Amino acid sequence: MLPAKHYTGTIVDIRTSRDIVTALPRVMDQGIGGASCPFNTYRESLEAFARAVYALTLQNGRCSTIDQTDECGLYDPDGLYHRPQTGKIIFTGAPVTYDAALQPQPAGIPNSFGMDFVEVDLAQTANGQSLTIELLATPGSVAEFSAQVWELTVDGSRVSASGNPRTMQPDAEGRLSASAVIDSRPGQQLAILVTRNDAEEQVDSAGAYTLIITSQVQ
């Protein structure tokens, strides 16, 4: 927990406020800014938490001893945390639109600061192609998202990370995008970690988003 001295009470009275969701990002930004943390903002902390939660699906994704916390995800020596639910996409080379019709129900991320995990299986027919992954929020929506792409390797029932996740970057119109290359490595897979960053769940209780995956031969 953050020491109480880091929050000055100037943003909202946390003892009496009935709107803690809306105030939480600003409260946490102030607290994190005065603490010794591996991230500098509340948004960065949400993205780090998303990585730790998704890592529960990966080989060595749980810490069994406290001195391993820099090398894995959540400290969970007794296996108490459940593997998170994930959506699935099979990419064969043809464009894919992953919207509410394909997402696990309820679709989208209805709650502020919630997260979705989407796994992309890469078929052998797509070898040698360069992928473009885009995330689009619903036009006019107040929901705001960030997303990370994590390259994985699947070997039987074992799934391990290949390097660190990459944050999808916004373009001039606010669409998030990232690229990846499908090689001949067996068991190559991608995970997309989507985080809702806004505090406006009362205004937008749907949190709808769409992922679009396209490719071209290199």
Side-chain angles (χ1 to χ4, degrees), residues 25 28-29 32 37-63 69-74 81-91 96-99 102-104 107-122 130-138 141 143-154 159-171 173-183 185 187-199 207-215:
M28 294 298 292
D29 275 347
I32 291 171
C37 294
F39 30 76
N40 298 310
T41 67
Y42 184 47
R43 178 170 175 162
E44 290 177 0
S45 77
L46 285 174
E47 293 171 350
F49 185 51
R51 293 192 295 271
V53 172
Y54 182 74
L56 294 171
T57 70
L58 304 179
Q59 187 76 12
N60 300 323
R62 302 170 192 257
C63 300
T69 52
D70 288 336
E71 301 177 7
C72 60
L74 296 173
Y81 293 112
H82 295 290
R83 292 167 58 97
Q85 181 185 28
T86 59
K88 295 286 186 181
I89 295 174
I90 299 176
F91 185 78
V96 173
T97 298
Y98 181 78
D99 56 13
L102 296 179
Q103 294 168 12
I109 305 179
N111 300 114
S112 294
F113 323 129
M115 56 193 69
D116 270 3
F117 305 116
V118 185
E119 294 174 342
V120 184
D121 290 332
L122 303 173
S130 176
L131 297 186
T132 297
I133 304 166
E134 293 182 292
L135 186 147
L136 291 73
T138 300
S141 169
E144 297 179 0
F145 303 96
S146 61
Q148 305 166 81
V149 177
W150 211 344
E151 295 194 21
L152 310 174
T153 299
V154 181
V159 183
S160 57
S162 300
N164 296 317
R166 292 179 290 114
T167 301
M168 294 177 65
Q169 299 299 318
D171 63 14
E173 298 178 356
R175 293 177 299 188
L176 302 176
S177 65
S179 60
V181 175
I182 305 177
D183 54 37
R185 172 162 45 96
Q188 187 182 15
Q189 189 181 72
L190 299 176
I192 305 172
L193 287 54
V194 183
T195 306
R196 180 170 176 176
N197 300 314
D198 67 278
Y209 69 89
T210 299
L211 288 170
I212 298 176
I213 304 179
T214 56
S215 70

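All residue numbers refer to positions in the sequence shown, counting from 1. In this text the structure is predicted, and so the values were computed from the model without any measurement.
- In this structure, CZ in Arg175 is found 15.5 Å from CZ in Phe145, a value given to the nearest 0.5 Å.
- Taking the six-membered ring where tryptophan is involved, the planes of Tyr42 and Phe113 are perpendicular, since the angle between them exceeds 60° and thus also 30°.
- Put simply, the side chain of Glu119 never gets that close to the backbone of Gln189: no donor and acceptor are under 3.5 Å apart.
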List the steps and the verdict of side-chain contact (heavy atoms from CB on, under 4.5 Å) for Tyr98 and Val120. CA-CA 11 Å; Tyr98 181 78; Val120 184; over 6 Å; no
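- A donor-acceptor pair under 3.5 Å is formed between the side chain of Trp150 and the backbone N or O of Gly163.
- With sequence neighbours excluded, no residue forms a ring pair (Phe, Tyr, Trp, His ring centres under 6.0 Å) with Phe91.
- The shortest non-hydrogen separation linking Ala161 to Leu58 is CB-CD1, 4.1 Å.
- Taking every heavy atom of both residues into account, Ala143 and Gly207 meet most closely at CB-CA, 4.2 Å.
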Given the rule in the side-chain contact (heavy atoms from CB on, under 4.5 Å) test, do Leu131 and Ile213 qualify, once you have shown the distances and angles that lead to the verdict? CA-CA 7 Å; Leu131 297 186; Ile213 304 179; 4.2 Å; yes
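- By the neighbour-count criterion of 12 heavy atoms within 6.0 Å, atom CG of Asp171 is densely surrounded, having more than that number from other residues, nucleotides or ligands.
- In this structure, the side chain to side chain contact (heavy atoms under 4.5 Å, CB included) partners of Ala107, at least two apart in sequence or on a different chain, are Ala100, Gln103, Gln105.
- In terms of heavy atoms, Gln188 sits closest to Ile182 at OE1-CA, 3.6 Å.
- In terms of the salt bridge (Lys or Arg N to Asp or Glu O under 4.0 Å) criterion, Glu134 has no residue partners (sequence neighbours excluded).
- The salt bridge (Lys or Arg N to Asp or Glu O under 4.0 Å) test applied to Glu144 returns no partner, not counting sequence neighbours.
- Legend: residues meeting side chain to side chain contact (heavy atoms under 4.5 Å, CB included) with Tyr81, ordered by chain and number and at least two apart, are Leu56, Arg62, Leu74, Asp76.
- Rounded to the nearest 0.5 Å, atoms CZ (Arg43) and OG1 (Thr195) are 9.0 Å apart.
- Applying the salt bridge (Lys or Arg N to Asp or Glu O under 4.0 Å) criterion to Arg83, with sequence neighbours excluded, gives no partner residue.
- Residues Pro104 and Gly87 share a closest heavy-atom pair of CG-CA, 4.1 Å.
- Of the residues listed (Glu47, Glu44, Gln169), the one engaging Ser146 in a side chain to side chain donor-acceptor pair (under 3.5 Å) is Glu47, and it is the only one.
- Atom CG of Leu193 sits about 12.5 Å away from atom CZ of Arg166, to the nearest 0.5 Å.
- The backbone N or O of Asp116 lies less than 3.5 Å from no partner atom in the side chain of Arg196, so there is not a single donor-acceptor pair.
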Please test Ile133 against Leu190 for side-chain contact (heavy atoms from CB on, under 4.5 Å), starting from the C-alpha separation and ending with a verdict. CA-CA 11 Å; Ile133 304 166; Leu190 299 176; 4.0 Å; yes
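- From Thr86, atom OG1 reaches atom OH of Tyr54 across 6.5 Å, with rounding to the nearest 0.5 Å.
- Side-chain contact between Pro170 and Leu176 is present, with heavy atoms from C-beta onward closer than 4.5 Å.
- The two residues Met115 and Leu46 make their nearest non-hydrogen contact at CE-O, 4.4 Å.
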